[in-house]
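Remarks on the structure that follows.
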Number of protein chains: 2
Amino acid sequence: MARAATTSDPFNAVAEPRRRQILTFLAGDERQVSEIVVAIGLDQPSVSKHLGVLRRVGLVRVRRNGRHRLYRTNAEAIRPMHEWTATFERFWRHQLDRVKERAERAQAGIGGSGQR
Amino acid sequence: MARAATTSDPFNAVAEPRRRQILTFLAGDERQVSEIVVAIGLDQPSVSKHLGVLRRVGLVRVRRNGRHRLYRTNAEAIRPMHEWTATFERFWRHQLDRVKERAERAQAGIGGSGQR
DNA sequence: TTGACATATTCCTATATAGGAATGTAATGT
DNA sequence: ACATTACATTCCTATATAGGAATATGTCAA
């Protein structure tokens with residue numbers, strides 16, 4: 001089997017760095033495609049294709065205005081990823097505590113466990 | 001250009017649902033590969049390959065114990081993703097506020113803006 | 001209608017999988 | 001040494017890009 005489609009879910013869509021850039025750029029205000037092209041530094045067709053992927057998974061919303069299309073990040077769609085990563089928060093806090101403890105033991109001259 | 005390697009960064013590594021499952025499973029305790037195989041329901045070689053990807057991007061740590069290898073999630077490596085998604089938190093709060101406002105206006109019988 | 005502008009879509013190709021099958025390798029018991 | 005257990009790695013194939021080039025579509029202006 002090949003890798004899952006970039007349009008299968010937000011996790012796959014944001015795996016591409018350019019798309020993360022675009023989402024950041026579109027987080028605050030609506031922008032037209034030509035502005036995104038300038039900001040990201042990719043050619044227009046590539047930007048449109050990335051926007052297509054982001055739109056299919058609901059990470060951006062579009063609105064037409066004359067010949068322009070105004071895109072904006074749909075932050076709500078990022079929330080599930082935030083929540084998934086949040087489930088690990090208590091674990092990285094624990095890890096930091098263990099590092100701190102180890103440093104304190106070293107300070108006290110007790111010596112390390114030697115676990116590589 | 002093809003898609004970036006799954007080993008290029010954590011974002012690409014967690015795009016695969018099975019790898020997210022594995023990270024969740026390994027978040028609390030060390031587990032040996034055979035336990036992961038049972039828990040995830042994939043065959044052993046596939047699990048080993050996923051673990052290899054996760055290891056290369058630093059999302060898991062391994063330790064040998066006799067013939068077993070004990071894997072554990074390295075939560076610290078998930079933190080950058082948590083922080084990236086967190087930059088959108090204020091925007092989804094705004095969105096929720098706007099939805100709420102709209103609902104309140106509708107309740108008051110003022111009517112919507114009609115913006116589709 | 002014709003032209004210009006803004007954006008989307010199609011075609012093409014090199015690349016990177018994900019999983020299945022088969023095999024390689026390290027550690028332990030006898 | 002040999003069988004066994006526990007994993008990792010290699011080989012194979014169908015699939016899905018990402019970007020570049022070219023083209024199509026949609027909108028407004030005269």
Side-chain angles (χ1 to χ4, degrees), chain A residues 1-23 25-26 29-57 59-73 116, chain B residues 1-23 25-26 29-72 116:
Chain A
M1 214 182 255
R3 214 193 302 191
T6 56
T7 51
S8 56
D9 62 62
F11 282 98
N12 277 281
V14 304
E16 171 62 43
R18 305 323 189 80
R19 285 196 283 268
R20 291 201 295 280
Q21 275 187 262
I22 291 174
L23 288 173
F25 183 64
L26 297 176
D29 318 296
E30 288 180 323
R31 301 283 194 174
Q32 48 185 76
V33 178
S34 62
E35 294 179 289
I36 305 171
V37 168
V38 171
I40 307 299
L42 267 181
D43 52 284
Q44 177 267 312
S46 292
V47 169
S48 279
K49 276 182 280 189
H50 283 311
L51 288 170
V53 170
L54 292 172
R55 184 162 35 76
R56 265 170 236 158
V57 297
L59 279 165
V60 299
R61 292 290 159 76
V62 214
R63 185 168 73 83
R64 303 175 85 132
N65 185 357
R67 342 182 193 192
H68 304 291
R69 297 211 185 180
L70 300 174
Y71 281 87
R72 174 203 288 266
T73 296
R116 184 28 331 214
Chain B
M1 211 182 256
R3 215 192 301 191
T6 55
T7 51
S8 54
D9 62 62
F11 281 97
N12 276 281
V14 305
E16 170 63 41
R18 306 320 191 78
R19 286 196 283 268
R20 291 201 296 280
Q21 274 187 261
I22 291 174
L23 288 173
F25 183 64
L26 296 176
D29 317 296
E30 287 180 325
R31 300 285 193 172
Q32 47 186 74
V33 178
S34 62
E35 294 178 290
I36 305 171
V37 169
V38 172
I40 307 299
L42 267 181
D43 51 286
Q44 178 267 311
S46 291
V47 169
S48 279
K49 277 182 278 189
H50 283 310
L51 288 170
V53 170
L54 293 172
R55 183 161 38 74
R56 264 170 236 158
V57 297
L59 280 165
V60 298
R61 291 290 158 77
V62 214
R63 185 168 73 84
R64 301 176 86 132
N65 186 356
R67 344 185 189 189
H68 304 292
R69 300 210 182 181
L70 301 174
Y71 281 88
R72 174 203 288 268
R116 204 325 28 186

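Convention: sequence-line order gives letters A, B, ...; per-chain numbering from 1.
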What's the spacing between [X] [atom1] and [Y] [atom2] if we round to 0.5 Å?
X	Y	atom1	atom2	value
Q44(B)	K49(B)	CD	NZ	9.5 Å
R19(A)	L26(A)	CZ	CG	13.5 Å
I22(B)	L51(B)	CD1	CG	5.0 Å

(message) Reading DNA chain C from 5' onward, which residue's closest nucleotide shows up sooner: H68(A) or R56(A)?
(response) H68(A)

Starting from [atom2] on [N], measure out to [atom1] on [X] and report it in whole angstrom.
X	N	atom1	atom2	answer
L70(A)	dT27(D)	CG	P	14 Å
M1(B)	dT15(C)	CE	P	10 Å
L42(B)	dC7(D)	CG	C1'	15 Å
R63(B)	dA27(C)	CZ	P	15 Å
R64(B)	dC7(D)	CZ	P	11 Å
N12(A)	dA18(D)	CG	P	10 Å
D43(B)	dA22(C)	CG	C1'	12 Å
L51(B)	dA6(D)	CG	C1'	13 Å

By nearest atom, which of the nucleotides [options] is closest to the [X] side chain?
X	options	result
P45(A)	dA18(D), dA8(C), dA22(C)	dA8(C)
R55(B)	dA8(C), dC7(D), dT9(D)	dT9(D)
A5(A)	dG19(D), dT17(D), dA8(D)	dT17(D)

For [N] and [X] - does any side-chain N or O of the residue sit under 4.0 Å from the phosphate oxygens OP1/OP2?
X	N	result
S46(A)	dA18(D)	no
R3(A)	dG19(C)	no
Y71(A)	dA8(C)	yes

(message) Taking any heavy-atom pair under 4.0 Å as a contact, classify S34(A): base, sugar-phosphate, or nothing.
(response) sugar-phosphate

(message) Under 4.0 Å, counting only non-hydrogen atoms across every strand here, what does S48(A) touch: a base, just sugar-phosphate, or nothing?
(response) base

(message) Would the base of dA8(D) count as contacting Q44(B) through its side chain, where contact means a donor and an acceptor less than 3.5 Å apart?
(response)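 Pair found.
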
(message) If you assign each of A2(A) and R67(A) to its closest nucleotide in DNA chain D, which residue comes earlier from the 5' end?
(response) A2(A)

(message) With nearest nucleotide decided by heavy atoms, which residue, K49(A) or N65(A), maps closer to the 5′ end of DNA chain D?
(response)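 Taking each residue's closest nucleotide, the earlier one in sequence belongs to K49(A).
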
(request) Answer yes or no: is there a side-chain heavy-atom contact under 4.5 Å between E16(A) and T6(A)? (result)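 Heavy-atom side-chain distance check fails, nothing below 4.5 Å.
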
(message) Taking the side chain as everything from C-beta on, heavy atoms only, tell me whether R3(A) gets closer than 4.5 Å to N12(B).
(response) yes

